[in-house]
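On a predicted model such as this, the values are computed, not experimentally measured, just so you know. We use all heavy atoms of the structure for the numbers below, so side chains are in, but hydrogens, waters and symmetry mates are not.
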Amino acid sequence: AVDSVIGLVEGLASVSVLSDETRSNFVKAKQQLDELAPTAEKMRRKCQARAELEALKAQLREQFPSATEDPLKVAQEALDSGAADCDSLRVLVDKGAELDGLATYGAKMVEKVEELLKKFDAAQQRFNKEIAPRFGSEVANAEAEDAKRRKAAEHEAAAAAQAEMEKAAAEARQPIAGLLTENEQRLQQLQREQEEAERERAAKEERQRRIDAELEAENHAMLAAEEAGERCLAERGADAACGEALASMLAAPVGKYREVLEALSTILCAIAAEPADGRRRLIRVANEGFQSSLGRHAGVWLFLRAAGFESCTRETLPAGLPSALNIGPGPPAERFLWCQEPDMFNSYEKWLAWHERLRLIGDFLQELERLAFRRTSHIGQHGLDMAAHTVIKVEELMQSW
């Protein structure tokens, strides 16, 4: 704080014209000097108490020249033991006890405080003798003008508030018929708004009912497709089921077919690249990203099951797997697709066959997507809207597979 006020005083001493900034610094400097003055006085008294205490101790050392301890303590002990009984000594000891309570600064602290007080006194003296005579009257006049402006602004605000109150009172005194008409209009408007809100609520509920019905129908269709896929997988085997799943996807437009192939190949290639990473081998079926890109499309469930993913619920997953993979909480019946990695160390041949199959399927999907692109890229958007089975025949796909 002392350094701050010193900086303000030095800055003020270097200017001769009262600007807004100079005026603000003048007010700040005076305010800080006034605030620091009581603290400086307290610090001065503590330094003085320390000086008086040291002088009193020196006086006691003359009376007890052989004392090696604190002379004040030695004198007190002499009085307490009766070895000395002198009124003047008792006065000195009492005075020393009083000064010892006031002199909370040590010798080194006194030096620092006295140096700080010198700086403060110099700044205060310079402000009083040099700065205040130069700017004091101008600042006072400017502050007075500001006070007048503030008072005028407050008066104007009060007048405006009074005018607003009078206006409100005048409006309140309008004829009763006018108020009744206005209230009636407001009630009618409120009724119309309520009716509109009710219509919107009913329409929203109807839209939601339709959405829920569509989702329910979609879920039933998905469950039926899953059951049919499980039967196909059990009857035909994994490789044949993969081929049939890819063939059933050909009913989609080419654009969507390519997106599904790309998403599936991304999943399988990621597992093949990092087979030990469990996050790549676990799919949360209810995840909206999975549902929109893959889950709602024909043949996808059968393909993933045939590719090696097992249908599990949260409670049937390997113990601790969801938390280990930072999967958020969910109900025990929440559904997942989990691709179990064989034990590479104890069943290496089995692991190698599993890994190679995933890699080959991923490569096949990429090649199939590139084939669809090559056959439709030259006709632009129209090519994306064509049915995929018109671009790639089922027989051609199954033969390649």
Side-chain angles (χ1 to χ4, degrees), residues 1-62 69-73 75 91-162:
V2 173
D3 291 338
S4 174
V5 77
I6 289 173
L8 288 171
V9 170
E10 290 178 351
L12 290 167
S14 65
V15 297
S16 58
V17 179
L18 184 66
S19 63
D20 290 341
E21 181 181 3
T22 303
R23 174 185 160 194
S24 175
N25 290 339
F26 181 94
V27 173
K28 288 179 184 177
K30 188 175 186 310
Q31 182 179 0
Q32 291 184 20
L33 287 169
D34 292 343
E35 290 174 352
L36 289 172
T39 303
E41 186 58 31
K42 290 180 183 178
M43 295 167 69
R44 209 184 308 277
R45 286 199 297 270
K46 290 184 179 182
C47 291
Q48 184 178 357
R50 169 57 62 184
E52 292 178 3
L53 179 61
E54 294 301 325
L56 186 144
K57 286 183 178 181
Q59 188 176 353
L60 288 174
R61 287 191 188 93
E62 292 178 357
E69 299 181 20
D70 182 4
L72 186 60
K73 179 180 178 182
V91 169
L92 286 176
V93 170
D94 291 343
K95 180 65 174 176
E98 179 185 353
L99 291 173
D100 193 47
L102 295 174
T104 56
Y105 292 158
K108 293 184 178 180
M109 187 64 183
V110 166
E111 293 179 4
K112 294 180 179 180
V113 171
E114 287 179 343
E115 182 64 27
L116 190 65
L117 288 172
K118 286 180 183 179
K119 293 181 179 180
F120 175 76
D121 292 342
Q124 189 172 48
Q125 184 177 11
R126 188 174 189 184
F127 182 86
N128 292 336
K129 291 186 176 181
E130 182 180 343
I131 309 302
R134 185 187 307 171
F135 297 122
S137 60
E138 291 185 68
V139 171
N141 291 335
E143 291 292 313
E145 288 297 323
D146 282 353
K148 288 181 181 179
R149 284 193 291 271
R150 284 194 298 272
K151 186 174 181 181
E154 291 171 358
H155 179 73
E156 290 179 2
Q162 181 64 28

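We find the CG-NZ distance between L33 and K28 to be 14.0 Å, quoted to the nearest 0.5 Å. The structure places CG of D121 at 9.5 Å from CG of L116, a figure rounded to the nearest 0.5 Å. For the atom pair CG of N25 and CD of E10, the computed distance is 12.5 Å after rounding to the nearest 0.5 Å. Between atom SG of residue C47 and atom NZ of residue K112 there is a gap of 13.0 Å, rounded to the nearest 0.5 Å. The CD atom of Q124 sits 5.5 Å away from the CG atom of N128 when rounded to the nearest 0.5 Å. With rounding to the nearest 0.5 angstrom, the CG atom of L12 is 9.5 Å from the CD atom of E130.
Using a cut-off of 4.0 Å between Lys/Arg side-chain N and Asp/Glu carboxylate O, R44 and E41 are scored as salt-bridged.
Considering only heavy atoms from C-beta on, T39 comes within 4.5 Å of M43 through its side chain. Side-chain atoms of K46 and V113, non-hydrogen and from C-beta on, never get closer than 4.5 Å to each other. Contact check for F120 versus I6: no side-chain heavy atoms found under the 4.5 Å cut-off.
Without hydrogens or angle criteria, R45 side chain to L102 main chain gives no donor-acceptor distance under 3.5 Å.
Around CD of E21, the count of heavy atoms belonging to other residues, nucleotides or ligands within 6.0 Å does not exceed 12. D34 CG: more than 12 foreign heavy atoms inside a 6.0 Å radius.
Counting only residues at least two apart or on different chains, the ring-ring contact (aromatic ring centres under 6.0 Å, His included) pairs with a member in residues 11-55 are F26-F127.
The two residues Q32 and S4 come nearest to each other via the heavy atoms OE1-OG, 3.3 Å.
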Side-chain donor/acceptor pairs under 3.5 Å, residues 51-60, sequence neighbours excluded:
from: E52; atom 1: OE2; to: Q48; atom 2: NE2; distance (Å): 3.3
from: E54; atom 1: OE2; to: R50; atom 2: NH1; distance (Å): 3.0

